[in-house]
Amino acid sequence: MHSWLVLPEGASAENPAPLLLWIHGGPLMSWNSWSWRWCPWVMAARGYAVLLPDPALSQGYGQDFVRRGWGAWGEAPYTDLMAAVDAVEQRPEIDQTRTAAMGGSFGGYMANWVATQTARFRAIVTHASLWDMDSFVGTTDAAYYWEKEWGDPLREPKRYEQNSPHRYADAIRTPMLVIHGDRDYRVPIGEALRLWYDLQKRGVPSRFLYFPDENHWVLTPGNAQIWYETVLRFLAEHVHGEEWQRPELL
């Protein structure tokens with residue numbers, strides 16, 4: 001499995017860096033591109049080693065690689081991600097006692113799934129994420145796409161039941177930061193509201209960053225600054241044990 005590892009300046013066996021697993025969206029995408037929107041160098045500048053894996057469903061590795069996770073996002077994509085983390089944690093410049101995970105869209109789904117399957121991370125950030133797959137497929141602006149991959153949820157509910165993170169909400173122990181834009185029609189805001197309710201109901205340490213004027217992406221410069229600063233403050237709180245500091249722009 002192809003992955004990229006971004007190391008901060010000075011990371012070494014004597015000064016190991018905390019690890020941030022960053023899961024790409026899509027899911028038919030790859031980390032082989034670059035943008036300010038999903039920029040690991042911002043995190044590296046703050047001292048994090050950033051792992052950018054291409055798990056099952058990623059593009060660029062042939063049709064069989066996509067088929068491994070088709071309609072089963074909680075299976076091979078998840079085990080691929082954990083295998084990548086296991087491998088990189090063996091490197092001397094990585095501090096395996098301080099790790100976090102994050103992702104947006106499909107990556108947000110995977111962040112939610114990770115939260116329900118393991119407590120190995122100190123913090124999880126989920127952006128524009130899918131939570132209740134059954135309710136989601138009827139409200140997204142691309143319902144046809146999910147029915148093509150997952151089937152009709154009324155006639156073929158098995159995939160939805162097996163791979164919907166919300167069914168395993170009771171297992172979450174990891175602090176979570178939930179981020180969503182109100183004008184998101186690809187993954188409607190209801191997914192974040194339901195996730196937030198489920199976390200609060202169960203007493204999971206969590207925060208909610210809400211953008212009333214953003215869609216599936218965070219596009220305006222000021223909001224992008226708020227996004228990065230809030231994520232970094234949340235990671236500092238739970239990965240480094242620092243006191244929470246509300247970003248000034250908020």
Side-chain angles (χ1 to χ4, degrees), residues 1-3 21-33 38 51-86 101-118 120-121 124-172 176 178 180 184-195 198 216-217:
M1 181 179 52
H2 198 167
S3 301
L21 167 66
W22 200 337
I23 311 165
H24 69 64
L28 303 179
M29 293 180 65
S30 168
W31 274 120
N32 63 1
S33 60
W38 309 111
L51 176 62
L52 308 164
D54 276 355
L57 289 170
S58 299
Q59 286 183 315
Y61 310 99
Q63 190 65 30
D64 288 342
F65 197 80
V66 173
R67 286 196 185 100
R68 290 179 59 240
W70 192 255
W73 291 5
E75 297 178 16
Y78 169 73
T79 56
D80 282 358
L81 291 171
M82 294 305 99
V85 174
D86 288 341
M102 63 185 291
S105 193
F106 165 74
Y109 164 91
M110 288 307 309
N112 294 340
W113 187 260
V114 166
T116 67
Q117 303 299 308
T118 179
R120 70 185 296 173
F121 298 102
I124 290 178
V125 179
T126 181
H127 170 88
S129 65
L130 293 68
W131 177 240
D132 182 343
M133 295 299 295
D134 188 5
S135 65
F136 158 78
V137 78
T139 57
T140 175
D141 64 356
Y144 66 91
Y145 176 87
W146 268 268
E147 289 210 12
K148 181 175 66 174
E149 179 175 352
W150 293 65
D152 186 324
L154 295 179
R155 295 182 175 86
E156 303 172 82
K158 184 176 180 180
R159 283 179 171 175
Y160 295 90
E161 293 171 355
Q162 291 180 337
N163 294 277
S164 187
H166 86 284
R167 294 172 57 84
Y168 308 97
D170 286 339
I172 298 180
M176 295 187 70
V178 181
H180 221 101
D184 188 343
Y185 305 121
R186 184 56 43 84
V187 181
I189 185 67
E191 293 298 296
L193 297 175
R194 172 68 188 277
L195 170 57
D198 285 343
H216 197 54
W217 300 267

Keeping the roles fixed (side chain from [X], backbone from [Y]), state whether a donor-acceptor pair exists under 3.5 Å.
| X | Y | value |
| --- | --- | --- |
| E75 | G69 | no |
| S105 | A128 | no |
| H180 | L193 | no |

Could you list the residues that satisfy side chain to side chain donor-acceptor pair (under 3.5 Å) with [X], not counting sequence neighbours?
| X | value |
| --- | --- |
| W22 | none |
| R186 | D141 |
| H166 | S164 |
| R67 | D64 |

Just how far is it from atom [atom1] of [X] to atom [atom2] of [Y], taken to the nearest 0.5 Å?
| X | Y | atom1 | atom2 | answer |
| --- | --- | --- | --- | --- |
| H216 | Y185 | NE2 | OH | 13.5 Å |
| M110 | Q117 | CE | CD | 8.5 Å |
| I23 | L81 | CD1 | CG | 5.0 Å |
| D86 | T79 | CG | OG1 | 10.5 Å |

Over all heavy atoms of both residues, which pair between [X] and [Y] is shortest? Give the atoms and the distance, please.
| X | Y | value |
| --- | --- | --- |
| A72 | P77 | O-CD, 3.6 Å |
| N112 | L130 | ND2-O, 3.0 Å |
| P157 | L154 | CD-O, 4.2 Å |
| T116 | A171 | O-CB, 3.4 Å |
| W150 | R159 | CZ3-O, 3.4 Å |

State, with a plain yes or no, whether a side-chain heavy atom of [X] is found less than 4.5 Å away from one of [Y].
| X | Y | result |
| --- | --- | --- |
| P55 | H24 | yes |
| V187 | S129 | no |
| R120 | V85 | yes |

Can you list everything that forms a side chain to side chain contact (heavy atoms under 4.5 Å, CB included) with [X]? Sequence neighbours excluded, please.
| X | value |
| --- | --- |
| E149 | L57, W70, W73, Y145 |
| P153 | D134, V137, E147, Y160 |
| A115 | I124, I172, M176 |
| Y61 | H2, W4, S30, D54, S58, F65 |

Considering residues at least two apart in sequence or located in another chain, which fulfil the ring pair (Phe, Tyr, Trp, His ring centres under 6.0 Å) criterion with Y168? W113

Residues passing the ring pair (Phe, Tyr, Trp, His ring centres under 6.0 Å) test with F121, sequence neighbours excluded, are none

Evaluate M82 against L21 for side chain to side chain contact (heavy atoms under 4.5 Å, CB included), listing each step before the verdict. CA-CA 10 Å; M82 294 305 99; L21 167 66; 4.2 Å; yes

Result for ring-ring contact (aromatic ring centres under 6.0 Å, His included) between H127 and one of W217, W38, F106 points to W38

Partners passing salt bridge (charged side-chain N to carboxylate O under 4.0 Å, His left out) against R167 (at least two apart in sequence or in another chain): none

For D80, what residues pass the salt bridge (charged side-chain N to carboxylate O under 4.0 Å, His left out) criterion, not counting sequence neighbours? R68

Could you verify whether a donor N or O on one side chain and an acceptor N or O on the other, from D198 and W131, lie under 3.5 Å apart? yes

